[in-house]
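Just below is one structure, and these are the notes that go with it.
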Amino acid sequence: MLVAVDARALAARRGVARYTRRMIEALAALDDVRAVVPGRGPVAPVAGAALVHTRLPSRALHRRTAR
């Protein structure tokens, strides 16, 4: 099973970021997880998950995928 997670909130280090990080860690304990992080901003590693950075910034990526 391959799980992709929109991990743009991870950089904030607040409520949604903590929830997202814990969810990714729990999923990674079960199987392969790749978390998609828009842009090139610094994000701390998540245990057991691969963080995949995109070239597009968050706003452009979400505008593009919403279509």
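What's counted below: heavy atoms across the whole structure, side chains too, no hydrogens, waters or symmetry copies.
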Q | Contacts of type salt bridge (charged side-chain N to carboxylate O under 4.0 Å, His left out), residue Arg18, not counting sequence neighbours | A | none
Q. Looking only at heavy atoms, what is the nearest atom pair of Ala28 and Gly48, with distance?
A. CB-O, 3.4 Å
Q | Qualifying residues under side-chain contact (heavy atoms from CB on, under 4.5 Å), relative to Val16, sequence neighbours excluded | A | Ala9, Thr20
Q | Rounded distance [0.5 Å steps], CG in Asp32 versus CG in Leu27 | A | 11.0 Å
Q: First locate atom CD1 of Ile24, then atom CG of Leu10, and finally report the distance between them rounded to the nearest 0.5 Å.
A: 4.5 Å
Q: Give the C-alpha distance, both sets of side-chain angles, the deciding distance and a yes or no for side-chain contact (heavy atoms from CB on, under 4.5 Å) between Leu51 and Val46.
A: CA-CA 8 Å; Leu51 297 181; Val46 178; 4.1 Å; yes
